[in-house]
Amino acid sequence: MRILIVEDDAPLSNFLRKGLEAEGHAVDTAANGEQGRAMALAIDYDLVVLDLNLPGVDGMSVLHGLRQQKTKVPVLILTARGRVEDRVQCLDAGADDYLVKPFSFVELSARARALLRRSHLPSESVLTVRDLSLDRVERRVERGGRRIELTTKEFALLEYLMRNAGRRLTRAMIIEHVWNLTFDSTTNVVDVYINYLRRKVDDGYPTHLIRTVRGVGYQLSSEGNAA
């Protein structure tokens, strides 16, 4: 899942980013309300973790702006404000959950998973291409009913390919989305991980789903190619 953290406390923001990335999520961060609002409106995130006490544009303003233009993206408020009045105000304004600092990362992670489960319809949370299925919430991959174990990056790469099945994806698009990096033409990390995926997803099956598009990049074909 792609998650945005809007938090001005840099050590806390880094802690959250590393923890959520370790669970396989792609994570972006914003250090103030204006930046957070712009990113949240420009990019389709699966979840926004939002502090209230932000420099410049405060968290409530960010929340109101989001709900005016993006009604479905889940928003988890993460704040030091523990009063009932603050909880009620945020929930009435459109927040989906409210967690008070100090907090346990385990609890935040569980709340995030719950919001992600509720926000995705079954057809969206489970991606299927031919006999290959990927459960985005439970992080489970199967082909032909057989479980396939993937690393965090392999899972993120396969999810991106499946979400864009039939579409030609350049190496730049893949590395920017999966690794959150600017494309470097000297790196072969995309090709290396594509090869890892092919061994697990295609080898031993009568049809190969991952194909190379010469001069462009890669594509997950819904039709498949003969092995």
Taking all non-hydrogen atoms of both residues into account, name the closest pair between A30 and M39 and its distance.
CB-SD, 3.9 Å
Less than 4.5 Å apart, any side-chain heavy atom of L12 and any of F103?
yes
Contact summary for L150 and K200, nearest pair of heavy atoms
CD2-CD, 3.6 Å
Nearest 0.5 Å, what's the CZ-CG distance between R37 and D58?
9.5 Å
Heavy-atom side-chain contact between V201 and L132 under 4.5 Å
yes
Value rounded to 0.5 Å, distance of CD in Q89 from CG in L91
10.5 Å
Could you walk me through whether V6 and V49 pass the side-chain contact (heavy atoms from CB on, under 4.5 Å) check?
CA-CA 6 Å; V6 188; V49 179; over 6 Å; no
Lys/Arg-Asp/Glu bridge criterion (N-O < 4.0 Å) met for D46, R2:
no
Name the atoms and distances for all side-chain donor-acceptor pairs under 3.5 Å in residues 161-168, with sequence neighbours left out.
residue: N164; atom: OD1; partner: R167; partner atom: NH1; Å: 2.9
residue: N164; atom: ND2; partner: Y160; partner atom: O; Å: 2.9

Out of K72, R111, R67, which residue meets the salt bridge (Lys or Arg N to Asp or Glu O under 4.0 Å) rule with D96?
R67
Is it true that D28 and R17 have a side-chain N and a carboxylate O under 4.0 angstrom from each other?
no
What one should report as the nearest heavy-atom pair of A95 and I77 is CB-CG1, 3.6 Å
Mind checking whether L127 and I210 sit in one hydrophobic cluster, side chains of I, L, V, M, F, W, Y counted as touching below 4.5 Å?
yes
Have E7 and T29 got a donor and an acceptor in their side chains that come within less than 3.5 Å?
no
Does the pair Y205 and D131 meet the rule for a side chain to side chain donor-acceptor pair (under 3.5 Å), with working shown?
CA-CA 10 Å; Y205 292 92; D131 58 346; over 6 Å; no
Taking every non-hydrogen atom, the tightest pair across C90 and L63
O-CD2, 3.7 Å
Is any side-chain heavy atom of L115 closer than 4.5 Å to one of V75?
no
Start with the C-alpha distance between H208 and R198, add both sets of side-chain angles, then the distance that settles side-chain contact (heavy atoms from CB on, under 4.5 Å), and finish with yes or no.
CA-CA 8 Å; H208 289 176; R198 278 177 164 154; over 6 Å; no
Verify the neighbour count for atom CG of D44: are there more than 12 heavy atoms of other residues, nucleotides or ligands below 6.0 Å?
no
Any chance CD of E34 has more than 12 other-residue heavy atoms, nucleotides or ligands included, within less than 6.0 Å?
no
Can you confirm if the NZ or CZ of R139 lies within 45° of the ring axis of F155 and under 6.0 Å from the centre of its six-membered ring?
yes
R130 vs T207 side-chain heavy atoms within contact, under 4.5 Å
yes
Keeping the roles fixed (side chain from E154, backbone from T151), state whether a donor-acceptor pair exists under 3.5 Å.
yes
Do the side chains of L54 and L41 join up, straight or via other hydrophobic residues, at under 4.5 Å, putting them in one cluster?
yes
Ion pair present between E142 and R140, side-chain N to carboxylate O less than 4.0 angstrom?
yes
Would you say D86's side chain and G82's backbone share a donor-acceptor pair under 3.5 angstrom?
no
Would you compute the distance between atom CD of E23 and atom CD1 of I3 and round it to the nearest 0.5 angstrom?
8.0 Å
Might you work through the side-chain contact (heavy atoms from CB on, under 4.5 Å) test for L78 and L108, ending with a clear yes or no?
CA-CA 9 Å; L78 183 63; L108 181 140; 3.9 Å; yes
Could you walk me through whether V190 and Y218 satisfy the side-chain contact (heavy atoms from CB on, under 4.5 Å) test, starting with their C-alpha distance in whole Å, then the side-chain angles of each, then the deciding distance to 0.1 Å, before giving a yes or no?
CA-CA 10 Å; V190 174; Y218 296 98; 4.1 Å; yes
Can you tell if the side chain of L47 reaches within under 4.5 Å of the side chain of L116, non-hydrogen atoms only?
yes
Path from I174 to V216 over hydrophobic side-chain contacts below 4.5 Å:
no
Other than V84, which residues form its hydrophobic cluster under the rule that side-chain heavy atoms must be closer than 4.5 Å?
V88
Decide yes or no for V100 and R87: does some side-chain heavy atom of the first lie under 4.5 Å from some side-chain heavy atom of the second?
yes
Can you confirm whether more than 12 heavy atoms, excluding those of K101, are under 6.0 Å from its NZ atom?
yes
Please give me the minimum heavy-atom distance between T152 and A22, naming the atom from each residue.
OG1-O, 4.0 Å
Side chain D51, main chain T79, donor-acceptor under 3.5 Å:
no
Mind checking whether F105 and F15 have parallel, tilted or perpendicular rings, split at 30° and 60°?
perpendicular
If you look at every heavy atom in Y98 and R81, which pair is closest and at what distance?
OH-O, 2.7 Å
Between the CE atom in M60 and the CG atom in N53, the distance rounded to the nearest 0.5 Å is 12.0 Å
Are the side chains of D8 and N32 in contact, using a 4.5 Å heavy-atom criterion?
no
Would you find a donor on one side and an acceptor on the other, under 3.5 Å apart, between the side chain of N188 and the backbone of D191?
no
Look at the side-chain heavy atoms of Ile, Leu, Val, Met, Phe, Trp and Tyr, link any pair under 4.5 Å apart, and say whether I5 and V62 land in one connected group.
no
In this structure, would L76 and L4 fall into the same cluster of hydrophobic residues linked by side-chain contacts under 4.5 Å?
no
Determine whether V129 and L220 make a side-chain contact, defined as any pair of heavy atoms from C-beta on separated by less than 4.5 Å.
yes
